[in-house]
Amino acid sequence: MTKIKSLADLRKLKDEVQSKIKLRENSDNPDHVVQIKVGMATCGIASGAKETMNSFIEELEQEAIDAVVSQTGCMGFCYAEPTVEVTLPNKEPVLFGHVHKEKVREIIDVYIKRGELIDGIIPINFKTIDD
Amino acid sequence: MTDYKMHLLICGGTGCKASESDVIKERLIQLIEDLNLDEEVQVVSTGCFGFCEKGPIVKVLPDNTFYTQVTPHDVLEIVEEHVVKGRPVKRLLYTDPKTEKHVSDSKGMEFYKKQIRIALKNCGFINPENIEEYIARDGYQALGKCLTELSRDEVIKEIKDSGLRGRGGGGFPTGLKWEITKNVENDQKYVVCNADEGDPGAFMDRSILEGDPHAVLEAMAICGYCIGADTGLVYIRAEYPLAIQRLKVAIKQAEEYGLIGNDIMGTGFNFRVELRYGAGAFVCGEETALIHSMEGLRGEPTFKPPFPSVSGYMGKPTNVNNVETFANVPVIINKGAKWFSSIGTEKSKGTKVFALAGKINNVGLIEVPMGTTLREVIYDIGGGIKGGKEFKSVQTGGPSGGCLTKKHLDIPIDYDNLIAAGSMMGSGGMIVMDEDDCMVSIAKFYLDFTLEESCGKCTPCRVGNKRLHEILDKITDGKGEMEDIEKLKELSVVIKDTALCGLGQTSPNPVLSTIANFEDEYLAHVQAGKCPAGQCKSLLRYDILEDLCTGCTLCFRNCPVGAITGERRQPHYIDQSLCIKCGACYEKCKFNAITLT
Amino acid sequence: MDTINLKIDNKPVVVKKGTTILEAASGIGIDIPTLCHMKLDDMNIENKPGGCRICVVEVNGRRNLAPACCTEANDGMEINTHTMRVINARRTVMELILSDHPFDCLICAKSGNCELQDMAHKLGIREIRYQGEQSTYREDTSPAIIRDVDKCIMCRRCETMCNEVQTVGVLSAINRGFQSVVSPAFEMNLDHSVCTYCGQCVAVCPTGALTEVDETGKVVRALSDPTKTVIVQTAPAVRAALGEEFGMEAGTLVTGKLVAALRRLGFDHVFDTDFAADLTIMEEGTELLSRLGRFLEGDKDVKLPILTSCCPAWVKFFEHQFPEMKDIPSTARSPQQMFGSIAKSYFADKLGVKREDMVVVSIMPCVAKKYECSRDEFKTNGNPDVDLVLTTRELASLIKLSNIDFKSLPNEDFDHPLGESTGAGVIFGTTGGVIEAAVRTAYEIHTKKDLPRLDFDELRGMEGIREATIDFNGLPIKIGIAHGLGNARKLLEDIQAGKSEFHAIEIMSCPGGCIGGGGQPYHHGNAEILRKRQMALYREDKNKTIRKSHKNPYILKLYEEFLGKPMSEKAHHLLHTEYFDRT
């Protein structure tokens, strides 16, 4: 608990604590931020999807990129786990396969930061009853 | 410490608490701990989400999954399936009644689509008992800005330009009230927050205080800065223990952080906040009665002028504003008067929180921009009438308001339009009625309330309301006469013209508006002795049709007062003088041999 | 801008800022009817809750009607006081009040004198269209005051008098809405509360909700009992006001006619309380000098100031509220009680009548006297010194129903030996009178010189608290005077705090003193009436040949034949009393 002695103090505190609810802010307006869904079903977890997710969270924070990283169920591409779906603001979602720690770095640097496509994209060619 | 990856928000409003949301929260916390996930998953209790019909609400972030009608038994599944495996529990998702599809994100729900949450912006989002969450959402920035960058007149101008009007029902321009109070010379002034929300069925202020108490505290401090007051008093009804507790926590935390109290943010401005409790009197929501109650006197209104701005609490200049009015202030300072005034209609800016209740599908708390039509509120947001029945009327403004009918459905909601239609905005209660509601009974119901709550000081309210009630009683009892309707109208007009305070001046409104809009129902009661909606028990009549009755004796055995006689296998008979119209026989008869007229 | 220009009923009016519509209208002769409103100008007493809604008027530009008594006049206002809308509203409001009021007029004590009755008549009410349930409460009887609050119309006048003027705090509004009524806390009986029976509530109540206990029936039965000797004493304040009940102007002295009337009613002996007032001065004056003497000699135990004790409401007030100071007031009984005591001993002996066969009736301006005579210390073997008390109002109705044409009665004199009084005795009835009478005697006894002047104007007047220093031949005696219990409280608090510099204080509970008592003809808020009554008493004093109590030959004879000297043992037993802690 810090006593706030000036408006500058308040602003500083706000910056510090903002990260605590950034998740909620971003979730509320996901269209403005990068959305990353990590497949966390059994095959995903077995393939190390948890590390993948943690990597994304840490790296994105380091790069100060506003993003919502959430886990999702099985997307069906068990052969390519860990799978990660990346949706940039105002763009269609893109699915990446075999996303290990190294690939995380690449996706961030090339696709997220520069918008350039890279290898390993899985084309989605099935429909669900929701479509 | 790394930030949480997943947030579980549980509604901690009174409504959901009553449905065990506390137990849900406890179990979630326990389970998360047991699974060693407490560093990754945060469990937070927030204020009211608004969709009370579907509570208890649990929201999972970051994927925005909105779970409805959660019970403690669902906790295991939510954690195992959704938290651990990422698979949302489909059966707990909201189903849109029209498309019959699941809607996982609340933004896709008709209930939320047309809402703009300004006063409720933090309700359902932050933990009201953690001041840092409020600070993270720009909390106390507005106060800081006012104290360091804006002069008192500049702040008042901003509030005036925003067009904010009193949300307690009066609709008086807030900025103007602050200006008037500022201009009265006195070394001691007070800011009072009216949290005595007394309208039956209204819980807007309660939800704001339970879900975002800091917004009110910040606004009171800003008001204190403008008018020159160092003391804020929150008059809160004792029937809101949760709101009281949240306020106490909020005040304590704000004081610890130096945001309320002495030398706020090092600017030298002092503002302290105290709580004062009501004691069960609706009339103490009237500002002069409220002030007298705080002074330790009998809670009776006194004549105005003098207005509280000039001579209020302890004879000092006092600015009294409603909870919701205050909740809008920090947002206005942060986002600007221009932004605020871009929402709403010409004379009514911003949004209004309504407590939607009655015979409607989506019962709960909503916040819509002024100008939204009643049709949109009832059919789009409210999801239409429960059970597919026919809409009859909507009452706005509580016991002070009037009943609006089908022909008013396309009126854009704002202060002046509602008054022109014969009702008023009031504090935001909105009760929807269908074909099964008897409008005469509704008028009597509201008069029951105002009769009970009248302070008794002035003749028209003390005796007049009693006489109105007696006449309505007569009518619903089937003993009304034609001249009774005339008497109701004449007496109502005089009561409105002569009563001392707002309670008496508006208590005849339900009577006058129901007579004006539903005269046929009154005539049916009086001339034909019938209640078209089937609600007035004295006018109901149960009869047994001889040719259909098989003499099974089921009705006879279920009658609680022994009003039915008959031999086995012989037609039975109901003695009307003993019948209490409970309807038990009607429910039990398997042969449709009992009629209800 | 300090003046306001407005129009009332199309007539232009100019008034000072802060004037109400009611006052502005009355200033140009427009009479707006009122019911709950009451103002006693000189005494800063105003009751305006704005609750009855009879005085409503139309104000241009205002959506609803405004109550004239509490709405301030504003510049440019246009007001209409008697449009049909206003009249309809007033009549409907009156119908509502009457619909919740018992139809007891035929047997109600206030019939003929009731402000509600008058207003209903004025507004021309012929039917009550809105009938229904009436709020009912139990009747509460005490020794002096009857509360029949079914008749209460919530005007709050009694509450204002009891709380703000008298600061006794017994009456206030309780319950809510239709069941609200003015009552002691928890609806307790008046005789269980700290009520002093000052009767100011009775004096201002516009209906029959608060009335005095009526003992006329008992007096009539006593007078018709041939085995009883019935004697009567009348207080000084009565003679200055009784005439008003018969249409005479306020302030007309009717002493002679009063005596004549009492004789025609059948009292065996008609005596004067003023005689006992002189007696009180003898005892109290001696007590004052004795205490003063000891104090000046340096006696640390003696208590000053000495407070007068002739007002029973005031006595009950300090027994409840300042019991720790009960050895400060004088131990002398009130004139009424001294009279009764002497009548049933000295006079009864002279007549050869047993005290049980003597009925002492007193005519008083006061309702507390009804309570006083019932106090146990004023009885001997259960037989009270004073049996019955009639208020001025009760006497007037008794005279009327006995078919006595009061106005044409001749002037008659009191009987002897208990009917002779001095001017000092007469002025007991007004605030400042008791202490002035005491000064006249104390001065001469102490200085053993004749008084240079008898009229002490510095002790006279209507202000709530007054003070003066009287030079007792080089010894300055500081006198304090208070009337109204609220003012008395202020002086008592000073004594409690050790700040009081007075040697003697006179206290009367009622505004103006006994002339404004709870049993006097109703003044309906007109303070001028009180002033005129006061002047009448000073007039009678001036016209008397003997104006000092210690010069009253019958008083001197009483001491010689019976009592010995002031503060003797017999005097102590018959004429002094003690007080009780009633907390």
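Keep in mind the model is a prediction, meaning the values are calculated, not measured. The sequence lines fix the lettering, A, B, ..., with proteins before strands; numbering per chain opens at 1.
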Side chain proximity check, B/F303 to B/T288, heavy atoms < 4.5 angstrom: no

Under a 4.5 Å cutoff for heavy-atom pairs, which residue among [options] has the most contacts with chain C?
options: B/G299, B/P306, B/S454, B/P305; answer: B/S454
options: B/K496, B/E452, B/H469; answer: B/E452
options: B/L468, B/D497, B/V463, B/I471; answer: B/D497

Interface moiety of [X] toward chain B, non-hydrogen atoms closer than 4.5 Å:
X: C/E95; result: neither
X: C/R63; result: both
X: C/I54; result: neither

Test item: B/R276 side-chain N/O and B/Y235 main-chain N/O as donor-acceptor pair under 3.5 Å: no

Check: B/D477 side chain, B/K479 main-chain N or O, donor-acceptor pair, under 3.5 Å: no

Structural part of [X] lying under 4.5 Å from a heavy atom of chain C:
X: B/R462; result: both
X: B/A281; result: both
X: B/K487; result: both
X: B/E483; result: neither
X: B/T498; result: both

Among C/R90, C/Q179, C/R176, C/Q131, residue most engaged with chain B (heavy-atom pairs, under 4.5 Å): C/R176

Winner by heavy-atom pair count (cut-off under 4.5 Å) against chain B, out of C/A89, C/S180, C/C70: C/C70

Residue of the set C/C201, C/P206, C/P49, C/C36 for which side chain to side chain contact (heavy atoms under 4.5 Å, CB included) holds with C/R157: C/P206

Gap between atom NZ of C/K151 and atom OG1 of C/T207 - 0.5 Å precision: 7.5 Å

Ionic contact status for [Y] with [X], cut-off 4.0 Å:
X: C/R91; Y: C/E127; answer: no
X: C/K110; Y: C/E115; answer: no
X: C/K16; Y: C/D2; answer: no
X: C/K39; Y: C/E23; answer: yes

